[in-house]
Amino acid sequence: MAKKGDMLYAWTSDEEIKKKAELGGAVTALWKYALESKTVDAVLAITKGTDLYDAQPVLITDPKDIASTAGSLHCGTLLLPKLVKKFLDGAETMKLGVTVKGCDAMAFYELAKRQQINLDNVIMIGVNCGGSVSPVLARRMIADKFGVDPDTVHKEEIDKGQFIIEYEGGHKGISVDELEEQGYGRRSNCRRCKMKIPRQADLACGNWGVIGDKAGKATFIEVCSEKGANLLNGAVKKGILATEAANPKGLEIRAKVENAMFKLADKWRKHDFDSLGEGKERLKKIVSETSRCIKCYSCIDNCPICYCVDCTTKNPVYVTPGQLPPSFMFQLIRFAHIADSCVNCGQCEELCPAEIPNALFMHAQQVELEKMFGHVPGVDMELPLLAYVEERAERARLANTGSDMIYENVFNPVK
Ligand SMILES: Cc1cc2nc3c(=O)[nH]c(=O)nc-3n(C[C@H](O)[C@H](O)[C@H](O)COP(=O)(O)OP(=O)(O)OC[C@H]3O[C@@H](n4cnc5c(N)ncnc54)[C@H](O)[C@@H]3O)c2cc1C
Ligand code: SF4
Ligand code: SF4
Ligand code: SF4
């Protein structure tokens, strides 16, 4: 029997799932079992729409339909938890299974902290994520850099540092580093992302660490909770999934890859944050970029941290109605309310019609706030900074300034 902390290789015996699955089809087989056994009422997953650049969310209730959701779509840059809040009543009344990338898992926790989602009713199967690519940019990259008609591509993946495409007539790979230096490749928030293995989900599934004869044919599973262990054990007992202990060498490789991804993310963080400049130069840059804002509210509608019924940016006392671009107050309100908890999901940047690098501005602030207050968003149910103010921590912070004012040594505490 699998238990929390176990590391396994897993593969399905279901022929239909096997055909479409990315690896061992464990994720889809687990969902099939979850629906059949009524562990969940529905599964929210991603399926291919018009083509492989078109990732669509689907809600599946019939286990016969679940095979259509197998396979990874690397152009699937969408975020699922806010859909659960908006359209599924925050999973208040239904038991829901959801396949999550790291950013989805983080967003689930942030919405749950704000009581927008009932996590007791949600099972999360996490997939490791090395990054996703915006669909339009992916098409352009395939045409420009690979010299291939994007409509002839039937599979894409990122493997061993290469972006690989299979198309009518062959396959080609180009180093992701090279593509990213030229402005293609993963979304900029993905380059800075360090949530590579989503251990706050119930199971974390991936490719990293599967070696030997199982390479490419099994899914690596880290069991992260009791809920996850129960689901896995049920599916194995039913015979839809087989498992074996992961190869110790595979574990080592997986840890090394994760570490290398952290280093790369740190490099991109430094690169991107440095590009903002310092002092007044930074302020000028942010004011100038955000002055393209057309007040469509897309950044707010899609941010997993924004949960308010009426946003302060719509209060005429703060932001003058009918004025475009809005005063800088519009952005300041977002910074003040979100920056401590931003999970760097990138939705605010990707969905901005004015192409304002919103996620970059917010993430740059979040990283500094995390250093300052030690609060890590999206990993557990620890409350947001201002929702839980603690006397001893407050006293210690003041003492650390070596003064009796919040005025000096705030950024360089004396202790
Ligand atoms: C964008 C992306 C990047 C990834 N990068 C890595 C990586 O670098 N290293 C690694 O070890 N593993 C990575 N994975 C995970 C890996 O590709 C497999 O998804 C995972 O190992 C499960 O394999 P499987 O055969 O059991 O899954 P399957 O049975 O094929 O099921 C895959 C599940 O993922 C869901 N899904 C597909 N696309 C998305 C999406 N864009 N967002 C959310 N859910 C989605 C499907 O709906 C399905 O539920 C990535 C996955 C995605 C989606
Ligand atoms: S933000 Fe992180 S977890 Fe989300 S798609 Fe990008 S790399 Fe993956
Ligand atoms: S501010 Fe942007 S990047 Fe941060 S959580 Fe909100 S939508 Fe995601
Ligand atoms: S998405 Fe862009 S244009 Fe729309 S309100 Fe946000 S910053 Fe302004």
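Read the numbers this way: they start at 1 and go in the same order the structure lists the ligands and their atoms.
- Surrounding NE2 of His154 are more than 12 heavy atoms belonging to other residues, nucleotides or ligands, all under 6.0 Å away.
- Residues Leu232 and Tyr33 are not in side-chain contact: their nearest non-hydrogen atoms beyond the backbone lie 4.5 Å or more apart.
- Near Arg187, meaning under 4.0 Å from one of its heavy atoms, ligand 2 places the atoms 5 (S), 6 (Fe).
- Using a 4.0 Å cut-off to heavy atoms of Asn344, the atoms of ligand 3 that qualify are 3 (S), 4 (Fe).
- The distance cut-off of 2.8 Å around atom 8 (Fe) of ligand 2 captures these protein N, O or S atoms, sorted by chain and number: Cys129 SG.
- Here the rule is salt bridge (charged side-chain N to carboxylate O under 4.0 Å, His left out) with Lys155, and of Glu22, Glu168, Glu166 only Glu22 fits it.
- Annotation: protein N, O or S atoms under 2.8 Å of atom 6 (Fe) of ligand 4 (waters excluded) comprise Cys299 SG.
- If you check which protein heavy atom lies closest to atom 5 (S) of ligand 3, you get Val343 N, 3.5 Å.
- Atom 3 (S) of ligand 4 has its closest protein heavy atom at Ile294 N, 3.4 Å.
- Using cut-offs of 30° and 60° on the angle between ring planes, the pair Tyr297 and Phe330 is tilted.
- Under 4.0 Å is where a charged nitrogen must lie from a carboxylate oxygen, and between Asp51 and Arg139 at least one such pair does.
- Counting the atoms of ligand 3 from 1 in the order shown, those under 4.0 Å from a heavy atom of Cys303 are 1 (S), 5 (S), 6 (Fe), 7 (S).
- Within the 4.5 Å cutoff, the side chain of Thr69 has heavy atoms near those of the Ile66 side chain.
- Atoms of ligand 2 lying under 4.0 Å from any heavy atom of Asn189, numbered from 1 in the order shown and given with element: 1 (S).
- The contact set between ligand 3 and Ile338, taken as ligand atoms under 4.0 Å from a residue heavy atom, comprises 1 (S).
- For the residue pair Arg334 and Thr290, no side-chain donor N or O sits within less than 3.5 Å of a side-chain acceptor on the partner.
- If you check which protein heavy atom lies closest to atom 8 (Fe) of ligand 3, you get Cys345 SG, 2.3 Å.
- A search for side-chain hydrogen bond (donor to acceptor under 3.5 Å, both in side chains) contacts involving Asn189 returns nothing, not counting sequence neighbours.
- Taking the ring centre of Trp11 as origin, the terminal cationic atom of Lys214 falls inside the region bounded by 6.0 Å and 45° from the ring axis.
- Residues satisfying the salt bridge (Lys or Arg N to Asp or Glu O under 4.0 Å) criterion with Arg254, sequence neighbours excluded, are Glu222.
- A salt bridge does not link Asp301 to Lys82: none of the charged side-chain nitrogens sits closer than 4.0 Å to a carboxylate oxygen.
- For Gln182, the CD atom sits in a packed shell: over 12 heavy atoms of surrounding residues, nucleotides or ligands are nearer than 6.0 Å.
- Protein heavy atom in closest approach to atom 4 (Fe) of ligand 3: Cys342 SG, 2.4 Å.
- Within the model, atoms CD of Glu370 and CG of Leu385 stand 10.0 Å from one another, a figure rounded to the nearest 0.5 Å.
- Proximity of Phe220 to Leu23: side-chain heavy atoms (C-beta onward) are nowhere separated by under 4.5 Å.
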